[in-house]
Amino acid sequence: MKAVVATDYGPPENYVVADVAVPRPGPGQIQVRIAAASINPADVVLPGGQYREMTPLEFPHVPGNDFAGTVTEVGDGVTAFKVGDEIFGQAVPRVLKAMAGATRPSLSTGSLAEYAVFEADTPLLAHRPPGLDVADAAALATTGLTARALFLTAQPKAGETALVVGATGGVGTALVPLLAAAGVDVIATATAADVALLHDLGAARTIGYTDAYPRGVDAAFNLAVPGDRLTRIEQAVRSGGRVLTITYPLPAKERHDIDLEFVLDLDGELGGMREVAEAAATGALRATISRRYTLDEGPRACADFVREHTTGKLVILMRRGCPLRT
Ligand SMILES: NC(=O)c1ccc[n+]([C@@H]2O[C@H](COP(=O)([O-])OP(=O)(O)OC[C@H]3O[C@@H](n4cnc5c(N)ncnc54)[C@H](OP(=O)(O)O)[C@@H]3O)[C@@H](O)[C@H]2O)c1
């Protein structure tokens, strides 16, 4: 089969499309023919080598976590899925084992490929609802899960104000509509080109990355700034307010009159992919896809993700005949 492959540590410009063996499912596993996969920061950060001590890679390495596809083979003991099921979710590649959750983790081959193998018994996989197309499902796996976890942790109330830093990215474009639908007054960071999109997603106001942040907001969500550089974001929050952050390194609180929470729900305790599917089916979660690529364009997609401004998600469509634009 064809897959996007990193042959050594290095930037995504070094990735190639190569022929690799089709992975076969063992007990408790399923094989999936991938229809669409979306790119996340970890897909390019890990092959970059920055974390090679903590999460060493074996080469050739197939990156990719988020996917939508069709079950093509099931291993012994699998009851949750059968051949022909349309599913989506997070693969959690084997390389992320050190970061995988405590309940049965999904440790798989990477999803930027024609086929991948996943652990079946995990809340990180679900059936794809009929109204959710493969590209949107692949775009919403990590972003939907994370946006829901942020929302449920923050417990925002109607009439509150929230600053969203990194609103233009994958998680941000999923979170802003959730907040807006709850009646939250959202102030979102945006490039000039993304202002109209952010308003369409429900932001009441947009500000540039380097503009002065507003003061006195009830909640601030950090989806972009490194976790050890949150001073400006903490200062935006009113006394008694809260900061929710998802980036590394782990943050250290500078103000003692606010709550600061690092949100990471590896086990789907705040809701797994089934809840993402339900929220997508009702329209509460919306996918924002800025660019679509073929599998042959996969290395370029990964390079674009790193080198260019990211709006929403970049999605790779694996199957011939999958429309690139819908
Ligand atoms: N803890 C968790 O559960 C969890 C889950 C998912 C993701 N994450 C992490 O959360 C972060 C966001 O993930 P993502 O998938 O949304 O990434 P993404 O798609 O790359 O989005 C990040 C967005 O933030 C923007 N941005 C960068 N610097 C900014 C700044 N100083 N001010 C305002 N906006 C800025 C980026 O724009 P430019 O392209 O212009 O830089 C981009 O639009 C990543 O670090 C990721 O590793 C954590």
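Below, each value reflects all heavy atoms present in this structure, side chains not excepted, and no hydrogens, waters or symmetry copies. For ligands, and for the atoms within them, numbers begin at 1 and follow the listed sequence.
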Could you list the donor-acceptor pairs under 3.5 angstrom formed between side-chain atoms of residues 149-162 and any protein atom two or more places apart in sequence or on another chain?
residue : atom : partner : partner atom : Å
Thr153  : OG1  : Ala149  : O            : 2.6
Gln155  : NE2  : Leu152  : O            : 3.2
Glu160  : OE1  : Lys157  : N            : 3.0
Glu160  : OE1  : Arg242  : NH2          : 2.8
Thr161  : OG1  : Asp218  : N            : 3.3
Thr161  : OG1  : Asp218  : OD2          : 3.3

task: Establish whether Val44 and Ile316 are linked, either directly or via other cluster members, by ILVMFWY side-chain heavy-atom contacts under 4.5 Å.
output: yes
task: State the atoms of ligand 1, each with its element, that fall below the 4.0 Å cut-off from a heavy-atom position in Thr142.
output: 6 (C)
query: Is atom CZ of Arg307 surrounded by more than 12 heavy atoms (other residues, nucleotides or ligands) closer than 6.0 Å?
result: yes
message: Taking Leu266 as the starting point, is it possible to reach Phe262 by hopping between hydrophobic residues whose side chains are less than 4.5 Å apart?
response: yes
query: Of the protein's non-hydrogen atoms, which lies at the shortest distance from atom 38 (P) of ligand 1, and what is that distance?
result: His309 ND1, 3.2 Å
- line: of all protein heavy atoms, closest to atom 32 (N) of ligand 1 is Tyr209 CG, 3.6 Å
field: Distance from atom 10 (O) of ligand 1 to nearest protein heavy atom, with residue and atom
entry: Ile246 CD1, 3.1 Å
- prompt: Heavy atom under 4.0 Å from ligand 1: found in Thr168's side chain, backbone, both, or neither?
  reply: both
task: Do me a favour and list the nearest non-hydrogen protein atom to atom 1 (N) of ligand 1 with residue, atom name and distance?
output: Val263 O, 3.0 Å
message: Strictly below 4.0 Å, N to O, side chains only: are Lys2 and Asp296 in salt-bridge contact?
response: yes
task: Check each atom of ligand 1 against the heavy atoms of Leu264 and keep those under 4.0 Å away; list them by number with element.
output: 1 (N), 2 (C), 3 (O)
Listed partners of Tyr213 passing ring pair (Phe, Tyr, Trp, His ring centres under 6.0 Å), at least two apart: none
- request: Considering only NZ, NE, NH1 and NH2 on the basic side and carboxylate oxygens on the acidic side, decide whether Arg286 and Asp200 come within less than 4.0 Å.
  value: yes
task: Would you check if Val263 and Thr146 make a side-chain contact, meaning some heavy-atom pair closer than 4.5 Å?
output: no
task: Answer yes or no: is there a side-chain heavy-atom contact under 4.5 Å between Asp43 and Phe305?
output: no
- prompt: Which residue and non-hydrogen atom of the protein lie closest to atom 44 (C) of ligand 1, and at what distance in Å?
  reply: Pro41 CG, 3.8 Å
message: Tell me the protein heavy atom at minimum distance from atom 42 (C) of ligand 1, and give that distance in Å.
response: Thr310 O, 3.6 Å
statement: The atoms of ligand 1 lying under 4.0 Å from a heavy atom of Thr189, numbered in the order shown, are 33 (C), 34 (N)
task: Check the side chains of Thr168 and Asp194 for a donor-acceptor pair under 3.5 angstrom, ignoring hydrogens and angles.
output: no
task: Would you mind finding which of Gly172, Gly170, Gly166 brings a heavy atom closest to atom 19 (O) of ligand 1?
output: Gly170
- request: Please could you name the atoms of ligand 1 that Ala224 approaches to less than 4.0 Å, counting only its heavy atoms?
  value: 24 (O), 26 (N), 27 (C), 28 (N), 29 (C), 34 (N), 35 (C)
field: From Thr122, Thr142, Asn40, residue fulfilling side-chain hydrogen bond (donor to acceptor under 3.5 Å, both in side chains) relative to Gln90
entry: Thr142
- prompt: Nearest protein heavy atom to atom 12 (C) of ligand 1, by residue and atom, and its distance?
  reply: Leu223 O, 3.0 Å
message: Heavy atom to atom 21 (O) of ligand 1, shortest distance: which of Ala193, Gly169, Gly227, Gly208 holds it?
response: Gly169
- request: Considering heavy atoms of the protein only, find what lies nearest to atom 5 (C) of ligand 1 and give residue, atom and distance to 0.1 Å.
  value: Thr146 OG1, 3.3 Å
query: At a non-hydrogen distance cut-off of under 4.0 Å, which region of Thr247 contacts ligand 1 (side chain, backbone, both, or neither)?
result: side chain
message: Can you tell me if Phe305 contacts ligand 1 (heavy atom of the residue under 4.0 Å from the ligand)?
response: yes
